[in-house]
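Heads up: the structure comes next, in structure tokens.
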Amino acid sequence: QVQVVESGGGLVQTGGSLRLSCVASGIFSFNVMGWYRQAPGKQRELVADVTSAGNTNYADSVKGRFTISRDKDKNTVYLQMNSLEPEDTAVYYCYAQRLYTYWGQGTQVTVSS
């Protein structure tokens, strides 16, 4: 059984930083791991992802502020979020993909102004 578990969300002031972590288990390795987010009343959107080869992809809104990294041996992906803005407030979902896409339960990130 595949499990995807996020951690690291919380409340932070504008300009602050948070680091999200996500561990996926149940499959030896995943092709792509990444993060989506969903703000109240909005559609879920891609934040960043990273392939098994180390190629990264970012939403324009987070480029230069967020950094995604991955530990392949541990099936773990991290999202370092700096210079946070109120617009980054959302539930952040981790996913891991190999033939199918597996989702975590989400972790709340709230940025106060």
Side-chain angles (χ1 to χ4, degrees):
Q1 182 178 359
V2 177
Q3 286 189 314
V4 179
V5 180
E6 307 102 331
S7 62
L11 173 64
V12 66
Q13 291 185 332
T14 297
S17 298
L18 282 174
R19 188 188 194 216
L20 305 183
S21 300
C22 170
V23 180
S25 60
I27 291 181
F28 181 70
S29 65
F30 297 90
N31 295 333
V32 183
M33 296 185 71
W35 296 89
Y36 273 72
R37 68 185 180 186
Q38 187 165 20
K42 295 187 177 181
Q43 289 187 331
R44 191 175 293 193
E45 62 174 358
L46 175 68
V47 178
D49 57 30
V50 55
T51 69
S52 57
N55 298 315
T56 58
N57 178 46
Y58 294 93
D60 288 342
S61 59
V62 307
K63 284 180 180 177
R65 300 188 297 123
F66 291 10
T67 302
I68 191 168
S69 60
R70 179 174 176 177
D71 185 331
K72 286 176 56 180
D73 292 338
K74 297 180 179 179
N75 277 342
T76 300
V77 65
Y78 306 96
L79 186 68
Q80 178 65 44
M81 305 185 294
N82 298 328
S83 302
L84 283 161
E85 304 167 351
E87 292 73 22
D88 296 315
T89 295
V91 177
Y92 285 69
Y93 297 92
C94 177
Y95 76 96
Q97 188 177 74
R98 184 181 178 91
L99 297 180
Y100 300 101
T101 300
Y102 304 91
W103 294 94
Q105 293 298 308
T107 185
Q108 177 70 45
V109 172
T110 302
V111 185
S112 63
S113 57

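Counting from 1, the numbers follow the sequence of the chain as shown. This one's a predicted model, so the numbers in the text were calculated from it and none came from an experiment.
With hydrogens and angles ignored, the 3.5 Å screen pairs a side-chain donor or acceptor of N75 with a backbone N or O of I27. Between the side chain of T89 and the backbone N or O of V111, at least one donor-acceptor pair lies under 3.5 Å. Within the 3.5 Å criterion, the main-chain N or O of V32 finds no donor-acceptor partner in the side chain of Q97. The backbone N or O of S52 sits less than 3.5 Å from a side-chain atom of K72, completing a donor-acceptor pair.
Counting heavy atoms of neighbouring residues, nucleotides and ligands inside a 6.0 Å radius, atom CD of Q105 does not exceed 12 of them.
Scanning both residues, R98 and S29, for their nearest heavy atoms gives CD-O, 2.9 Å. Nearest heavy-atom pair across R37 and S61 is NH2-OG, 3.4 Å.
A distance of 14.5 Å separates OG1 of T67 from OH of Y78, quoted to the nearest 0.5 Å. With rounding to the nearest 0.5 Å, the separation of CG in N57 from NZ in K63 is 7.5 Å. Going from atom OG1 of T76 over to atom CZ of R70 covers 9.5 Å, rounded to the nearest 0.5 Å. Once rounded to the nearest 0.5 Å, the distance linking CG of N31 with CG of L99 reads 7.5 Å.
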Practice item. Any chance you could lay out the side chain to side chain contact (heavy atoms under 4.5 Å, CB included) test for L20 and E6, step after step, and finish with the verdict? Key: CA-CA 7 Å; L20 305 183; E6 307 102 331; over 6 Å; no

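Note on residues 37-93: no pairs pass disulfide bond (SG atoms under 2.5 Å apart), not counting sequence neighbours. Sorted by first and then second residue, the ring pair (Phe, Tyr, Trp, His ring centres under 6.0 Å) pairs involving residues 11-62 (not counting sequence neighbours) are Y36-Y95, Y36-W103.
Put simply, the side chain of Y93 reaches to within 4.5 Å of the side chain of R44, judged on heavy atoms. Side-chain atoms of V4 and C22, non-hydrogen and from C-beta on, do get closer than 4.5 Å to each other. Using a 4.5 Å heavy-atom threshold, the side chains of D88 and F66 count as touching.
Under the 4.5 Å side-chain heavy-atom criterion for grouping Ile, Leu, Val, Met, Phe, Trp and Tyr, V77 is connected to Y100 within one hydrophobic cluster.
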What side-chain donor-acceptor pairs closer than 3.5 Å can you find for residues 7-19, not counting sequence neighbours?
{"from": "T14", "atom 1": "OG1", "to": "S112", "atom 2": "O", "distance (Å)": "2.8"}
{"from": "S17", "atom 1": "OG", "to": "N82", "atom 2": "OD1", "distance (Å)": "2.9"}

